[in-house]
There are 2 protein chains.
Amino acid sequence: MSDPTESGFCCPDHSGPQSATRILSQAQARAARMRLRLTPVRLRTLEILIAAHGALGAYDVLEKLAAEGYGTQPPVAYRALNWLVEHGFAHRIRRLNAFTACAHPADDHAAAFFICDRCDSVTEAPAVAVTAALTDAAQAAGFAMERATIEAVGQCRACDGAGA
Amino acid sequence: MSDPTESGFCCPDHSGPQSATRILSQAQARAARMRLRLTPVRLRTLEILIAAHGALGAYDVLEKLAAEGYGTQPPVAYRALNWLVEHGFAHRIRRLNAFTACAHPADDHAAAFFICDRCDSVTEAPAVAVTAALTDAAQAAGFAMERATIEAVGQCRACDGAGA
DNA sequence: CCCTTGACTGTTATGTTATTACGTTAGATA
DNA sequence: TATCTAACGTAATAACATAACAGTCAAGGG
Ligand SMILES: [Zn+2]
Ligand SMILES: [Zn+2]
Ligand SMILES: [Zn+2]
Ligand SMILES: [Zn+2]
């Protein structure tokens, strides 16, 4: 009932196979445009993240990769995941020690993440205004900000009110 | 040269023994006011965090506690640290897997953290505006936000321009 | 006064997440 | 073809975190 992979309500951007295809093709277009090598392991890792909906731990990804004949050791997963994050195909969710596919790999963007503490769904949202406010705060503190992690915990639309 | 414990420039709020004392007495006042038991291990842990300036990992704290005759095993440090975080005496810095003393334990507050990637200093800043923007974004997404993690990486005032 | 209760501290053992180091492979370059 | 380099693979280990359980002690009711 509160499993986001079944409800389809976890987030508007990851709501079905149609969307998965869209994300993947945006990602491939981005890779081509930027001359980035989306190799088999990297591509497969990205597909796994997209299919997972919520965030996956590195060892979850590794397990799937290993089952498909890729390497069996942690660096295999961490290298692919870190590469995807560095190049804008995925995001790292620090509160969960996990990774999630970027919902909008077409363009560079500042994102915030909403993490449901009931169903563990993770929703990516544009965070232009939040980042602007944070940039102001940084300047006031004399800090040269480069990038930020913005994660919120609470209840997603599906779980709020439903569970209790 | 870029060691924040020596420069005194890492952040305006943690800039010396005077400030350490202020933070500690604010914390003790808070504990008294809220009837919270700031026991010896907890107090000592807080003092260690305050003295450290930047963020400390749980095992760094544990090492110091153990050297002073407290328990030697991870749960000793994690319990004290988690208690301090839960009750507003410290914050967890997820990007660093570390903990830092709250600079303003007198009042409840939304905070953002600026992490210097040169000297590893961590500065706590008020984040009312940032949190407001994030709350707006959450509402737009139909998400019932409870709390947030806001961490930025970049260069602190002391390191920016200095190093390179 | 004695017993129960619950918060706190401690230990052992284990689980989870992440990196270092190094050898091999395969495509690009000259 | 010889060389170079990014990518991939493995083994080993480091770093971070929790589960489960035992002993201590102060507060409160019989
Ligand atoms: Zn994204
Ligand atoms: Zn939910
Ligand atoms: Zn604080
Ligand atoms: Zn610095």
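Note on naming: letters A, B, ... go to the chains in the order of the sequence lines (proteins, then strands), and numbering restarts at 1 for each one. Predicted model only: the values in this text are computed from it and were never measured.
Taking B/Asp136 as the reference, nothing meets the side-chain contact (heavy atoms from CB on, under 4.5 Å) condition, with sequence neighbours excluded. In this structure B/Glu68 satisfies the salt bridge (Lys or Arg N to Asp or Glu O under 4.0 Å) test together with B/Arg44, sequence neighbours excluded. Taking the side-chain hydrogen bond (donor to acceptor under 3.5 Å, both in side chains) definition, one finds that A/Arg92 meets it with nothing, sequence neighbours left out.
Other residues, nucleotides and ligands contribute over 12 non-hydrogen atoms within 6.0 Å of the CD atom of A/Gln26. Taking a 6.0 Å sphere around CG of B/Asp107, one finds it holds more than 12 heavy atoms contributed by other residues, nucleotides or ligands.
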Contact string for nucleotides 13-30 of chain C, one letter per nucleotide 5' to 3', B = base within protein heavy-atom range under 4.0 Å, S = sugar-phosphate only, - = neither, reads ----BBBB----------
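Cluster membership check: B/Leu134 does not share its hydrophobic cluster with A/Val122, using side-chain heavy-atom separations under 4.5 Å among Ile, Leu, Val, Met, Phe, Trp and Tyr.
Scanning DNA chain D 5' to 3' for nucleotides with an atom closer than 4.0 angstrom to a non-hydrogen atom of chain B gives a first and last hit of D/dC16 to D/dA19.
Looking at B/Thr149 and B/Arg94, their side chains never bring a donor and an acceptor atom within 3.5 Å of each other.
Here ring pair (Phe, Tyr, Trp, His ring centres under 6.0 Å) pairs that include residues 83-102 of chain B, with residues two or more places apart or in two chains, are B/Trp83-B/His87, B/Trp83-B/Phe89, B/His91-B/His109, B/His91-B/Phe113.
Side-chain nitrogen and oxygen atoms of B/Thr39 include at least one within less than 4.0 Å of the OP1 or OP2 phosphate oxygen of C/dT9.
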